[in-house]
*Asks:* 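Dumping the structure here so I can ask a few things about it.
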Amino acid sequence: MLIDDILEIIASENRIPSAENGELEQFISFTEHGDFSTNAAFSLSKTLKKNPMEVASALASSISSPAVLRSEAVKPGFVNVLFNDRALIKEISNISKDEIWGAKHKKNKKVNIEFVSANPTGPLVLVNARAGIAGNALCRIMNYSGYEAVSETYVNDTGNQVRNLGASILHHIAVKKPDFPENGYRGSYIKDIAEKIKTKHPSLEWSDENINLCAEEGKRIILAWQKESLKRFGISFDSWIFESDIRRDFLRKTEKMLRDKGYVYESEGASFLKTTLFNDDKDRVIYKSNGEMTYFLPDIAYHFYKAERGFDRIIDILGPDHHGYTSRIKASLMMLYPKKEFDIIIAQIVTLLKNNEKYEMSKRSGDFISMDELADEIDPDVIKFLVLSRKLSQPFNFDIEKAKETTMENPVYYVQYAYARLSSLMKNASVKDCSDISYSFEGFDDPSLRKIASKLLEFPYTVYSIANNYEIQKLPNYAVSLSALIHSYYHDNRIITDDRDSTMKRIAVLFAARRILKISFEMMGITVKERMDKNEV
RNA sequence: GCGCCUGUAGCUCAAUUGGAUAGAGCAACGGAUUUCUAAUCCGUAGGUUACAGGUUCGAUUCCUGUCAGGCGCACCA
């Protein structure tokens, strides 16, 4: 790519050692001062112990390429680069000829992204939707950026919560029974499941055996139900891991590894893991004094299982209730796999507002808003775009009335409309693919058209940066700002005219812009619409 | 009490991770259309980035303190 070529020149001319794996990418930015800028001189000046401006001048003059019209050092030490129009036009044709222009070559780095990971004890709620939407997008972003990313979810299909589920269901079936279980699930869906089970087993006594039966049946039903919910949002996983399988196949090995390394000790009848050695507040119990295992050991086993499968980077997207949990799981991975990159992203709470009322969402209370209920009311595209527009680490206020009623609050229509406009232009100009376009023109003769072309260069670098810092909101932000340029240009200019040369220039740039929008929509999981029908809303 | 996160326009959020004049949308006001779909565009107004110090070429961003809010702090999962 155009910018990559220049970065390579900068790196080799100035003997920047860390410039190999595209390290220079982090020093580029896109402003009004050129097609791109770099502040590399500032950090370089520290290692060279020279004046930043001096370094910048050297950088600027080292850039000699036929593609570059001007490269200049300014004020404190920025270097601004402006391409000549021919080079930009060439890049426009590259964008148009490539289905996924900008995607990096695979660098053989395997990434595992885990998200949603819910108990099969109730409907999925809004945080699950948030994590799911973001996780899928992140997975595509990382694949585009040269990683081999896999999306994964973990099903906690054993343990107390599942037993509580069984007891809650059986309580609706058995005639003679104790009080409703203390930590039981009270949602109305429990009753529905009980009714379903009744058709197969009309009468069940209160017994451990039948609690298990109800738990197994309930789990199956809820899991299928959760899968349907995920499908409505287009959320999918490359792999499903079940806690029961981990316990069966990997638990003993994990415990042995930890004990062999001397990280386990006994105290007051319980077994502790020395997580404080790796920055945890206190050591954590893996076996209680009554001999029971805590949830912690299977979770470690699961993470070890990820590491064993050869992933170089492991990413967990967790709900806000896992805040205090991150340091201990990090510590356990440090014990045996210190070389693995391990990142935990906390997806903050989603608060649903409706007419300024706050909805509480808890599986226990039975009074919650599920993913499904949200999808019933609001176009999933709207939800996806809104969810992706915010930093995951920020709490998210979702106003259901705004999302539904005022379409102006929904930038997703803004970007989809930009795409639809371009599509209808291509149709009117009888352009099906890039072979219908000539790229033999010399210049843009219109700054705003050139600006759109220049904006397209930015796209890959926006995506790469998300792969590093997980700030997914940059993707929708980019789509909005590109769409703004498109809408503005469209409004000011008649695209298709009798002047064939000028028509072709415009179509060439807009075809490429449409391609970039499409790639970004697919990353976000937003529907790509060739036309927008007003009565749809 | 301890830990993590947050505090930016009236509201919801950005700001390319320490960069150039802090930007969008909504709400307010004024304008543009016999449309290649106005779900659009252009303009006006709105800010001591919670507060006080510090670090340096440069701070919304990093450090310290204060104030305010959210979340998490089990031999629960």
Side-chain angles (χ1 to χ4, degrees), chain A residues 25-33 36-37 39 42-43 45 51-53 74-78 80 119 121 156 158-162 164 183 243 267-272 281-282 284-296 298-299 320-327 346 348-349 351 353 386 389-391 393-399 402 406-414 416-418 420-422 424-429 458 461-462 465-466 468-469 471 473-474 476-478 480-481 483-484 486-497 503 531-534 536-537:
Chain A
E25 278 168 21
Q26 58 185 305
F27 294 118
I28 65 173
S29 59
F30 298 87
T31 62
E32 301 298 311
H33 304 282
F36 79 98
S37 305
N39 58 0
F42 291 109
S43 55
S45 71
N51 183 316
M53 192 58 199
V74 262
K75 284 189 240 168
F78 297 99
N80 298 327
N119 301 325
T121 53
N156 299 107
T158 64
N160 287 337
Q161 306 218 16
V162 173
N164 280 335
N183 291 323
E243 184 184 347
S267 173
E268 297 167 26
S271 302
F272 286 79
D281 297 335
K282 54 195 234 180
R284 304 291 171 173
V285 172
I286 55 173
Y287 282 98
K288 306 186 218 173
S289 50
N290 65 7
E292 273 179 42
M293 187 193 297
T294 66
Y295 69 95
F296 187 33
D299 276 1
D321 52 331
H322 286 73
H323 221 128
Y325 166 87
T326 57
S327 50
I346 299 285
Q348 278 295 346
I349 49 168
T351 310
L353 302 171
L386 285 176
S389 298
R390 272 147 195 77
K391 269 187 195 166
S393 58
Q394 296 257 21
F396 179 20
N397 292 325
F398 192 102
D399 193 316
K402 282 184 182 172
T406 57
T407 57
M408 291 310 219
E409 285 278 353
N410 295 323
V412 67
Y413 295 126
Y414 185 84
Q416 284 179 323
Y417 184 42
R421 275 183 150 174
L422 296 184
S424 91
L425 278 180
M426 295 309 145
K427 204 174 163 191
N428 290 339
E458 182 181 334
Y461 300 96
T462 301
S465 77
I466 301 171
N468 286 326
N469 57 29
E471 307 245 317
Q473 77 279 3
K474 285 180 183 172
N477 285 349
Y478 175 85
V480 167
S481 61
S483 298
I486 291 166
H487 281 309
S488 180
Y489 185 78
Y490 181 95
H491 185 268
D492 292 344
N493 300 280
R494 178 87 199 177
I495 314 293
I496 301 170
T497 61
T503 300
R531 58 175 294 113
M532 300 283 277
D533 293 317
K534 287 186 183 180
E536 252 181 50
V537 174

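All chains are named by letter (A, B, ...) in the order of the sequence lines, taking the proteins before the strands, and each is independently numbered beginning at 1.
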*Asks:* If we take the P atom in both B:C63 and B:C5, what is their distance in whole Å?
*Replies:*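 Looking at atom P only, B:C63 and B:C5 are 9 Å apart.
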
*Asks:* Whole angstroms only, please: what is the CG-C1' distance between A:N468 and B:U16?
*Replies:*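 Taking atom C1' of B:U16 as the reference, CG of A:N468 is at 12 Å.
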
*Asks:* Select base, sugar-phosphate, or nothing to describe what A:N493 touches, counting heavy atoms under 4.0 Å on all strands.
*Replies:*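 The answer is base, as A:N493 lies within the cut-off (heavy atoms under 4.0 Å) of a base atom.
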
*Asks:* Taking atom CZ of A:R421 and atom CE of A:M532, what is their separation to the nearest 0.5 Å?
*Replies:*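 The distance works out to 11.0 Å.
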
*Asks:* For A:Q416 and B:U37, what is the distance between atoms CD and P respectively, to the nearest whole Å?
*Replies:*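 Checked: the CD to P distance equals 17 Å.
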
*Asks:* I want to verify a distance call: between B:G19, B:U12, B:A77, whose nearest atom is closest to the A:F78 side chain?
*Replies:*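 So the side chain of A:F78 is nearest to B:G19.
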
*Asks:* Would you tell me if any nitrogen or oxygen in the side chain of A:Q394 comes within less than 4.0 Å of OP1 or OP2 on B:G70?
*Replies:*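 So the side-chain polar atoms of A:Q394 never come under 4.0 Å of the phosphate oxygens OP1 or OP2 of B:G70.
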
*Asks:* Taking 4.0 Å as the cut-off, does a side-chain nitrogen or oxygen of A:S488 come that near to OP1 or OP2 on B:C42?
*Replies:*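 The answer is yes; a side-chain N or O of A:S488 sits under 4.0 Å from OP1 or OP2.
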
*Asks:* For A:H487 and A:Y417, indicate whether the former's side chain and the latter's backbone hold a donor-acceptor pair under 3.5 Å.
*Replies:*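 Side chain of A:H487 to backbone of A:Y417: no pair is present.
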
*Asks:* Regarding B:G19, can its base be found pairing with the side chain of A:N39 as donor and acceptor, where the two atoms are less than 3.5 Å apart?
*Replies:*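 When only heavy-atom distances are counted, A:N39 does reach the base of B:G19 through a donor-acceptor pair under 3.5 Å.
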
*Asks:* Write down the distance between CG (A:N156) and P (B:A77), rounded to a whole number of angstrom.
*Replies:*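 In whole Å, B:A77 P and A:N156 CG are 11 Å from each other.
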
*Asks:* Considering only side-chain heavy atoms of A:E471, which listed nucleotide, B:C13, B:C41, B:U17, is closest?
*Replies:*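 So the nucleotide nearest the side chain must be B:U17.
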
*Asks:* Just call it for A:K427: base, sugar-phosphate, or nothing, with non-hydrogen atoms closer than 4.0 Å on any strand.
*Replies:*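 The answer is nothing, as A:K427 stays clear of every strand by at least 4.0 Å.
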
*Asks:* Assign each of A:Y489 and A:D492 to its nearest nucleotide of RNA chain B by heavy atoms, then name whichever residue's nucleotide is nearer the 5' end.
*Replies:*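 Final value for this comparison: A:Y489.
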
*Asks:* Applying a 4.0 Å non-hydrogen cut-off, can you work out what A:R421 is touching in the nucleic acid: base, sugar-phosphate, or nothing?
*Replies:*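 Result for A:R421 = sugar-phosphate.
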
*Asks:* Between B:U16 and B:A24, how far apart are the two P atoms, rounded to whole Å?
*Replies:*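 About 15 Å, rounded to a whole number of Å.
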
*Asks:* Write down the distance separating the C1' atoms in B:G53 and B:G46, rounded off to the nearest Å.
*Replies:*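 So the two C1' atoms sit 30 Å from each other.
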
*Asks:* Which nucleotide, if any, forms a Watson-Crick or G-U wobble pair with B:A28, using both distances under 3.5 Å?
*Replies:*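 Partner of B:A28: B:U44.
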
*Asks:* Round to the nearest Å and state the distance from A:F42 atom CZ to B:A59 atom C1'.
*Replies:*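 For the pair A:F42 CZ and B:A59 C1', the rounded distance is 14 Å.
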
*Asks:* Between B:C75, B:U16, B:U37, which nucleotide gets closest to the side-chain atoms of A:F30?
*Replies:*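 Per side-chain heavy atoms of A:F30, the pick is B:U16.
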
*Asks:* Nearest-Å distance, OH (A:Y490) to P (B:C41)?
*Replies:*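 Nearest whole value for this atom pair: 12 Å.
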
*Asks:* For B:G1, give the paired nucleotide (Watson-Crick: N1-N3 plus N6-O4 or O6-N4; G-U: N1-O2 and O6-N3; both under 3.5 Å), or none.
*Replies:*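 Partner of B:G1: B:C73.
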
*Asks:* Over all heavy atoms of both residues, which pair between A:I346 and A:T326 is shortest? Give the atoms and the distance, please.
*Replies:*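 Where A:I346 meets A:T326 most closely, the heavy atoms are CD1-CG2, 4.0 Å.
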
*Asks:* I'd like to know if A:N80 reaches the base of B:A20 with its side chain such that a donor and an acceptor end up less than 3.5 angstrom apart.
*Replies:*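 It does, because a donor-acceptor pair links the side chain of A:N80 to the base of B:A20 below 3.5 Å.
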
*Asks:* Taking the side chain of A:N397 as its heavy atoms from C-beta onward, which of B:U40, B:U12, B:G19 lies nearest to it?
*Replies:*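 From the listed options, B:U12 comes nearest.
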
*Asks:* Output yes when at least one side-chain N/O atom of A:K282 is less than 4.0 Å from OP1 or OP2 of B:C73, else no.
*Replies:*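 Checking B:C73 against A:K282, no side-chain N or O comes under 4.0 Å of OP1 or OP2.
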
*Asks:* State the pairing partner of B:A68; accept Watson-Crick or G-U wobble contacts with both distances under 3.5 Å, and report none otherwise.
*Replies:*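 Pairing partner, where one exists within any strand: B:U6.
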
*Asks:* May I ask you to verify whether the side chain of A:N469 and the base of B:U17 hold a donor-acceptor pair under 3.5 Å?
*Replies:*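 It does, because a donor-acceptor pair links the side chain of A:N469 to the base of B:U17 below 3.5 Å.
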
*Asks:* Between B:C42 atom P and A:H491 atom NE2, what is the distance in whole Å?
*Replies:*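 Going from A:H491 (NE2) to B:C42 (P), I get 8 Å.
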
*Asks:* Is it the case that the base of B:A39 and the side chain of A:Y413 share a donor-acceptor contact (distance under 3.5 Å, atom types as modelled)?
*Replies:*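 No, no donor-acceptor pair under 3.5 Å.
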
*Asks:* Look only at the side chain of A:S45 and the backbone of A:N51, and say whether a donor-acceptor pair between them is shorter than 3.5 Å.
*Replies:*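 A pair under 3.5 Å: no.
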
*Asks:* Side chains of A:Y490 and A:L422: does their closest heavy-atom pair fall under 4.5 Å?
*Replies:*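 No; the side chains remain at least 4.5 Å from each other.
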
*Asks:* If you assign each of A:T294 and A:N477 to its closest nucleotide in RNA chain B, which residue comes earlier from the 5' end?
*Replies:*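 Its nucleotide being nearer the 5' end, the pick is A:N477.
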
*Asks:* Testing A:S389, A:P395, A:S393 one by one against A:K391 for a side chain to side chain contact (heavy atoms under 4.5 Å, CB included), which residue passes?
*Replies:*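 Considering A:S389, A:P395, A:S393, a side chain to side chain contact (heavy atoms under 4.5 Å, CB included) with A:K391 is found only for A:S393.
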
*Asks:* Looking only at the side chain of A:H487 (C-beta and beyond, no hydrogens), which of the listed nucleotides B:C36, B:C41, B:C57 gets closest?
*Replies:*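 Of the options given, the side chain of A:H487 lies nearest B:C41.
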
*Asks:* Tell me what A:P76 touches on the nucleic acid: a base, only sugar-phosphate, or nothing, going by heavy atoms under 4.0 Å.
*Replies:*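 Base contact.
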
*Asks:* Need the pair for B:A39. Rule: Watson-Crick or G-U wobble, both distances under 3.5 Å, any strand; none if unpaired.
*Replies:*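 In the structure as shown, B:A39 has no Watson-Crick or wobble partner.
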
*Asks:* With a non-hydrogen cut-off below 4.0 angstrom, is A:S29 in contact with a base, only sugar-phosphate, or nothing?
*Replies:*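 A:S29: base contact, heavy atoms under 4.0 Å.
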
*Asks:* Fit a plane to each ring of A:Y461 and A:F30, take the angle between them on a 0 to 90° scale, and name the class: parallel (under 30°), tilted (30 to 60°) or perpendicular (over 60°).
*Replies:*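 A:Y461 vs A:F30 ring planes: tilted.
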
*Asks:* Touch check for A:S481, heavy atoms < 4.0 angstrom, all strands: base, sugar-phosphate only, or nothing?
*Replies:*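 The answer is nothing, as A:S481 stays clear of every strand by at least 4.0 Å.
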
*Asks:* Any strand is fair game: report the nucleotide pairing with B:G18 by Watson-Crick or G-U wobble, both distances under 3.5 Å, or none.
*Replies:*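 Across all strands, not a single nucleotide pairs with B:G18.
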
*Asks:* Run A:T294 and A:R284 through side-chain contact (heavy atoms from CB on, under 4.5 Å) and show every step you take.
*Replies:* CA-CA 10 Å; A:T294 66; A:R284 304 291 171 173; over 6 Å; no

*Asks:* Is the glycosidic angle of B:U16 within 90° of 0, making it syn, or outside that range, making it anti?
*Replies:*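 This nucleotide is in anti.
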
*Asks:* Counting side-chain heavy atoms from CB outward, which of B:A15, B:U37, B:C75 is closest to A:Q473?
*Replies:*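 Comparing B:A15, B:U37, B:C75 against the side chain of A:Q473, the answer is B:A15.
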
*Asks:* Rounded to the nearest angstrom, tell me the gap between atom NE2 in A:H33 and atom C1' in B:A20.
*Replies:*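 Roughly 5 Å, once rounded to whole Å.
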
*Asks:* Nearest to the A:K474 side chain among B:A20, B:U17, B:C13, which nucleotide is it?
*Replies:*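 Minimum distance to the A:K474 side chain belongs to B:U17.
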
*Asks:* Using Watson-Crick or G-U wobble geometry with both distances under 3.5 Å, which nucleotide pairs with B:C62?
*Replies:*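 WC or wobble partner is B:G54.
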
*Asks:* Tell me what A:S289 touches on the nucleic acid: a base, only sugar-phosphate, or nothing, going by heavy atoms under 4.0 Å.
*Replies:*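 Base: the residue A:S289, judged by heavy atoms under 4.0 Å, touches a nucleobase.
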
*Asks:* Within the structure shown, what part of the strands sits under 4.0 Å from A:Y461 by heavy-atom distance: base, sugar-phosphate, or nothing?
*Replies:*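 The residue A:Y461 makes no contact with any strand.
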
*Asks:* To the nearest angstrom, how far is A:F296 atom CZ from B:C73 atom C1'?
*Replies:*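 Result: 15 Å.
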
*Asks:* Need one value for A:A418: base, sugar-phosphate or nothing, where a base atom within 4.0 Å counts as base even if backbone is also close, heavy atoms only.
*Replies:*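 No contact.
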
*Asks:* Report which part of the nucleic acid A:Y414 touches: base, sugar-phosphate, or nothing (heavy-atom distance under 4.0 Å, all strands).
*Replies:*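 Since only primed, P, OP1 and OP2 atoms lie under 4.0 Å of A:Y414, the category is sugar-phosphate.
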
*Asks:* If you only use heavy atoms from C-beta on, which nucleotide in B:A14, B:A77, B:U37 is closest to the side chain of A:N160?
*Replies:*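 Within the option list, the nearest is B:A77.
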
*Asks:* A:F78 pairs by ring pair (Phe, Tyr, Trp, His ring centres under 6.0 Å) with which of A:F27, A:F42, A:F36?
*Replies:*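 Only one of A:F27, A:F42, A:F36 forms a ring pair (Phe, Tyr, Trp, His ring centres under 6.0 Å) with A:F78, namely A:F42.
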
*Asks:* State which of B:C75, B:U37, B:C36 makes the closest approach to the side chain of A:A420.
*Replies:*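 The closest nucleotide is B:U37.
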
*Asks:* From C-beta outward on A:R494, which listed nucleotide comes closest to its side chain: B:C36, B:C75, B:A20?
*Replies:*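 Comparing B:C36, B:C75, B:A20 against the side chain of A:R494, the answer is B:C36.
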
